[in-house]
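The next block holds one structure in the form of structure tokens; read it before the comments.
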Amino acid sequence: AQAISLSVSADGSWMATSAGRGIRIWDAQSGDEVFVSQNSVHLDDVQATTFSVDGSRFASGDRSGNVVIWDTSTWTVLRKWRIHDRELWSAIDALAFSPDGLHLASCGDRLVKIWTVDSATLVHRLRGHHSSVHSLQYLADGKRLISAGFQDIIIWDAVLGTELLTLKSPYDKELNHLAYSPTEENLYVAGFESDAEDPRGHFGFWTLPTDQQIDEWAKEDSDDAKL
């Protein structure tokens with residue numbers, strides 16, 4: 001079956017893949033299969049997976065809006081709940097644990113949500129994207145969350161649940177994936193030109209603005225600021 005999602009633990013020891021309703025966990029060093037989930041855990045295709053920073057928890061999300069939290073020491077289900085309802089397209093496109101592992105961010109359609117992991121309580125509902133959101137990344141301090149849509153990237157205050165800055169696509173092309181390097185404070189973005197006869201991929205990286213720069217741009221109401 002075709003793999004839909006791929007994620008790697010922060011220490012590089014585990015790799016997770018999903019295909020259909022199933023999840024497979026691999027030893028990233030030896031390539032050995034460590035765990036295979038039962039298809040009864042998820043009742044729809046799993047298309048988002050992520051590890052907590054300390055590796056103790058693993059989250060998986062499916063097309064029907066359900067998320068499952070796993071204990072990686074036993075690979076048993078700790079919690080399962082419906083994150084996205086029929087308010088919008090319900091599929092979970094991406095998941096991200098906060099650095100302390102206490103919160104889980106999810107996205108589907110143009111909506112981003114932040115939940116408590118232990119109690120599955122909704123903390124923030126974040127609206128601001130004008131296109132589907134498909135990638136999430138917490139910054140190292142856990143205070144900021146970055147979400148990427150096809151045409152824009154938003155930096156959120158993850159504590160207050162407020163929008164700090166909207167960054168437009170530098171290529172005026174579709175953005176598909178983002179990754180953050182905490183050691184370099186760089187944001188890496190990949191995308192492509194979907195409406196071209198010969199679609200071509202684009203890749204770039206930018207140094208993230210400092211908190212001071214974000215404050216200054218926000219005061220200037222720079223909604224059209226570019227990376």
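What you see below is based on every heavy atom in this structure, not just the backbone, and it leaves out hydrogens, waters and symmetry mates. FYI, the numbering just counts along the sequence from 1. Given the structure is predicted, the values throughout are model-derived calculations rather than measurements.
- The list of salt bridge (Lys or Arg N to Asp or Glu O under 4.0 Å) pairs with a residue in residues 31-42, not counting sequence neighbours, reads R24-E33.
- We find the CG-CG distance between D44 and N66 to be 8.5 Å, quoted to the nearest 0.5 Å.
- For T121, the side chain to side chain donor-acceptor pair (under 3.5 Å) test picks out S119, with sequence neighbours left out.
- Residues forming a side chain to side chain contact (heavy atoms under 4.5 Å, CB included) with T162 (at least two apart in sequence, or on another chain): D157, L160.
- For T17, the side chain to side chain donor-acceptor pair (under 3.5 Å) partners are W26, not counting sequence neighbours.
- Annotation: salt bridge (Lys or Arg N to Asp or Glu O under 4.0 Å) contacts involving residues 96-105, sequence neighbours excluded, are absent.
- Residues passing the side chain to side chain contact (heavy atoms under 4.5 Å, CB included) test with S52 are D54, S56, R57, F97, sequence neighbours excluded.
- The closest side-chain donor-acceptor pair between T76 and W70, if any, does not fall under 3.5 angstrom.
- L102 shares a hydrophobic cluster with no other residue; no ILVMFWY side chain has heavy atoms under 4.5 Å from its own.
- Residues satisfying the side chain to side chain donor-acceptor pair (under 3.5 Å) test with D11, not counting sequence neighbours, are S9, S13.
- A donor-acceptor pair under 3.5 Å links the side-chain atoms of S18 to the main chain of S5, judged by distance alone.
- When ring centroids are compared, W75 and W14 come within the 6.0 Å threshold.
- The backbone N or O of L104 sits nowhere less than 3.5 Å from a side-chain atom of K113 that would complete a donor-acceptor pair.
- In terms of hydrophobic clustering, with Ile, Leu, Val, Met, Phe, Trp and Tyr side chains grouped at heavy-atom distances under 4.5 Å, V36 and V77 are assigned to different clusters.
- Side chain of H124 to backbone of V159: a donor-acceptor contact under 3.5 angstrom is found.
- The closest side-chain donor-acceptor pair between H129 and D152 falls under 3.5 angstrom.
- A search for side chain to side chain contact (heavy atoms under 4.5 Å, CB included) contacts involving S7 returns A16, T49, F51, F58, not counting sequence neighbours.
- In this structure, V117 and H103 approach most closely via the heavy-atom pair CG2-C, 3.6 Å.
- Remark: V8 engages M15 in a side chain to side chain contact (heavy atoms under 4.5 Å, CB included) (not counting sequence neighbours).
- R79 meets the salt bridge (Lys or Arg N to Asp or Glu O under 4.0 Å) test with no other residue; sequence neighbours excluded.
- Side-chain polar atoms of D62 and Q47 form no donor-acceptor pair below 3.5 angstrom.
- When the side chain to side chain donor-acceptor pair (under 3.5 Å) test is applied to S40, no partner is found at least two apart in sequence or on another chain.
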